[in-house]
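All remarks here apply to the structure that follows.
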Amino acid sequence: MMKTYNIIGKMKEQTRCEICGERLRFDRFQTYCENCGNVVEDMPINFGKEFANVDPEKAEKRTRTGSPMTQTDSDLGLSTNVGNFSDLKKFNAKDRFKMLRIMRWNKRVSVALERNLKSAFSELNRISNYLKLPKSIEEEGKRIYRDAVQRNLVRGRSMEKVVAAALYTACRINDLPRTLDELSEASSIEKKEIGKTYRFITRELKIRMYPSNPVDYIARFACELKLSPGTQTKAVEILEMTQKKELTSGRGPTGIAAAALYIAALINGEKRTQREVADVAGVTEVTIRNRYKELIRKLKLEKLIKNKKRKNLMVSQQSS
DNA sequence: AAGACGAAAGTGGTTGA
DNA sequence: TCAACAACTTTCGTCTT
């Protein structure tokens with residue numbers, strides 16, 4: 001939603017606080033009353049240059065003022081207009097007619113496009129909020145969706161699918177991968193549909209994707225399993241060893257992450273059942289078992305685990 | 001009784017002819 | 001386009017704790 005502020009007008013008509021009658025103060029961020037703390041208005045117009053560009057050379061050229069540009073407004077804050085009525089005078093009768101038609105079509109197309117983007121973005125917002133994704137990823141998702149629309153990739157596909165896929169892609173790009181299951185739950189679209197659309201749009205938009213890194217999942221899974229930071233670190237160590245031995249290729253990253261966490265928890269005496277780990281990682285126990293077996297074999301962790309088990313046994317016997 | 005383990009059959013995607 | 005194939009899932013019986 002676009003808010004317009006008329007600060008000059010406000011300043012003129014409202015220099016005193018409505019509540020206590022004291023004079024209002026202004027700073028860069030808000031208009032407020034020093035006496036009673038009443039905030040009359042926050043987020044005023046940004047009078048400075050756009051600060052998105054840090055490169056000093058380019059920064060000189062960027063003299064657009066106002067708030068930073070954002071993908072969040074469905075028309076980027078700038079809509080296209082083809083010609084205007086005063087331009088019409090420049091054409092002869094025939095071309096004038098043509099021009100009129102183009103203008104009319106452009107209007108129609110932009111309205112349709114805008115309507116599409118608006119509903120798509122509100123769906124995208126909803127999913128992103130549900131998954132508690134950062135703003136930057138939301139923006140990325142919107143950028144991807146916009147590209148998809150412009151390349152005519154949405155036609156014949158439901159908008160929701162493309163939105164879900166765009167968000168999924170955005171997460172992957174920013175190394176905050178969500179599982180297809182999570183996206184599926186948030187968007188109520190089938191997992192395989194999202195996957196299919198995801199593959200389609202990354203191919204068509206030539207977005208090069210690398211397989212996601214298991215390490216990126218650890219923090220989130222560990223948090224859900226309420227594992228200690230030490231265990232998390234251990235799991236990451238295990239993953240690093242795993243990657244050195246090239247055990248990760250071809251395997252599902254979530255399965256590997258899950259197995260590493262399972263092992264780390266076992267070693268640090270915070271045991272979780274395979275089922276618990278499997279559930280948060282969105283894989284089955286069988287997969288964890290398979291990965292687990294591979295990992296402890298190749299990383300020579302068998303002894304460690306066995307010792308641990310023996311110790312646990314002793315502890316339980318002592319207590320009983 | 002719950003968890004771990006493993007075999008067997010099925011699913012969806014990739015690859016190479 | 002189709003068959004082979006690798007990874008993963010589902011299901012189920014057995015063993016361990």
Side-chain angles (χ1 to χ4, degrees), chain A residues 153 157-158 161-162 164-165 168-169 171-172 177-185 187-218 220-221 224-227 231 235 238-239 242-243 245-320:
Chain A
L153 304 180
R157 248 166 281 274
S158 77
K161 277 185 211 170
V162 182
Y168 177 72
T169 313
C171 290
R172 292 273 303 264
R178 304 288 124 155
T179 60
L180 281 174
D181 282 310
E182 289 169 293
L183 255 300
S184 175
E185 199 211 322
S187 64
S188 65
I189 291 173
E190 273 188 66
K191 186 175 149 187
K192 55 179 176 179
E193 288 298 324
I194 301 177
K196 220 185 276 176
T197 316
Y198 155 76
R199 277 192 301 279
F200 179 73
I201 65 173
T202 47
R203 177 155 35 90
E204 292 298 316
L205 296 178
K206 304 229 169 17
I207 301 175
R208 257 203 312 161
M209 294 298 306
Y210 301 99
S212 58
N213 186 340
V215 176
D216 296 328
Y217 291 101
I218 291 294
R220 209 150 43 82
F221 292 167
E224 271 189 67
L225 287 167
K226 302 202 171 29
L227 289 168
T231 306
I238 292 173
L239 284 180
T242 310
Q243 276 163 350
K245 301 219 167 189
E246 291 172 344
L247 292 175
T248 49
S249 72
R251 306 275 136 90
T254 45
I256 297 179
L261 260 179
Y262 177 69
I263 295 173
L266 219 56
I267 292 175
N268 280 10
E270 299 181 37
K271 184 161 198 258
R272 298 289 182 275
T273 65
Q274 294 181 349
R275 167 134 298 282
E276 286 172 310
V277 182
D279 278 346
V280 302
V283 294
T284 58
E285 297 156 86
V286 181
T287 305
I288 295 201
R289 274 204 291 276
N290 292 336
R291 291 297 88 76
Y292 163 76
K293 253 184 5 190
E294 283 173 19
L295 292 193
I296 61 171
R297 163 115 36 88
K298 300 271 170 69
L299 299 179
K300 309 215 180 349
L301 289 169
E302 288 120 318
K303 267 195 229 160
L304 235 169
I305 304 268
K306 270 186 192 157
N307 286 342
K308 199 76 210 173
K309 274 185 187 167
R310 206 169 304 148
K311 263 185 209 164
N312 285 345
L313 204 69
M314 277 158 66
V315 169
S316 64
Q317 278 171 350
Q318 272 175 6
S319 62
S320 68

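What you see is a predicted model, and the numbers here were worked out from it, not measured in a lab. Within every chain, numbering begins at 1; the chains are lettered A, B, ... in the order of the sequence lines, protein sequences first and strands thereafter.
- At the phosphate of B/dC5, neither OP1 nor OP2 sits under 4.0 Å from any side-chain N or O atom of A/R289.
- Residues A/R291 and A/E294 are paired through a salt bridge, judged by an N-O separation under 4.0 Å between the basic side chain and the carboxylate.
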Distance-only check: which donor-acceptor pairs under 3.5 Å involve side-chain atoms of residues 264-271 of chain A, not counting sequence neighbours?
unit_1	atom_1	unit_2	atom_2	d
A/N268	ND2	A/T231	OG1	3.4
A/E270	OE1	A/S228	N	3.1
A/E270	OE2	A/S228	OG	2.5
A/E270	OE2	A/T231	OG1	2.7

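- One atom, CG of A/L180, and another, C1' of B/dG13, lie 13 Å apart when rounded to the nearest Å.
- In this structure, A/R275 places its CZ atom 21 Å from P of C/dT17, rounding to the nearest Å.
- An OP1 or OP2 oxygen of C/dC8 is reached within less than 4.0 angstrom by a side-chain nitrogen or oxygen of A/R291.
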- Base-pair string, DNA chain C, Watson-Crick plus G-U, cut-off 3.5 Å on both distances, | for inter-strand, is |||||.|||||||||||
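- Distances were taken from every side-chain heavy atom of A/R251 (C-beta onward) to each of B/dA7, C/dC8, B/dC5; the shortest belongs to C/dC8.
- With B/dG12, B/dC5, B/dA4 as the candidates, the nucleotide lying closest to the side chain of A/K192 is B/dG12.
- Rounded to whole Å, atom P of B/dG13 lies 11 Å from atom CD of A/E190.
- Within the nucleic acid shown, A/T273 comes within 4.0 Å of sugar-phosphate atoms alone, with no base atom in reach, counting heavy atoms only.
- Close to B/dA4, at under 4.0 Å from its OP1 or OP2, lies a side-chain N or O of A/Y262.
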- Message: Using the rule given for side chain to side chain contact (heavy atoms under 4.5 Å, CB included), can you reason through A/Y217 versus A/I256, listing the C-alpha separation, both sets of side-chain angles and the distance that settles it, and then say yes or no?
- Response: CA-CA 10 Å; A/Y217 291 101; A/I256 297 179; over 6 Å; no
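- Atoms CZ (A/F200) and P (B/dG13) sit 15 Å apart, rounded to a whole Å.
- For B/dG13, the base has no donor-acceptor partner in the side chain of A/R199 [N/O atoms by modelled type, under 3.5 angstrom].
- Map A/K271 and A/V286 each onto its nearest nucleotide of DNA chain B; the residue landing nearer the 5' end is A/K271.
- Rounding to the nearest 0.5 Å places OG1 of A/T242 at 5.0 Å from CG of A/L295.
- Note: CD (A/E294) to C1' (C/dC8) measures 12 Å, nearest angstrom.
- Spacing between atom CG of A/N290 and atom P of B/dA8 amounts to 14 Å, rounded to whole angstrom units.
- Per the geometry, OH belonging to A/Y198 stands 14 Å off P belonging to B/dG13, to the nearest Å.
- Checked by atom type and distance alone, the side chain of A/E182 pairs as donor or acceptor with a backbone atom of A/T179 at under 3.5 Å.
- Rounded to whole Å, atom P of B/dA2 lies 14 Å from atom CD of A/E285.
- Going from atom OH of A/Y292 over to atom CD of A/Q274 covers 7.5 Å, rounded to the nearest 0.5 Å.
- Residue A/K196 places none of its side-chain N or O atoms closer than 4.0 Å to OP1 or OP2 of B/dG12.
- Contact check for A/E224 versus A/D279: no side-chain heavy atoms found under the 4.5 Å cut-off.
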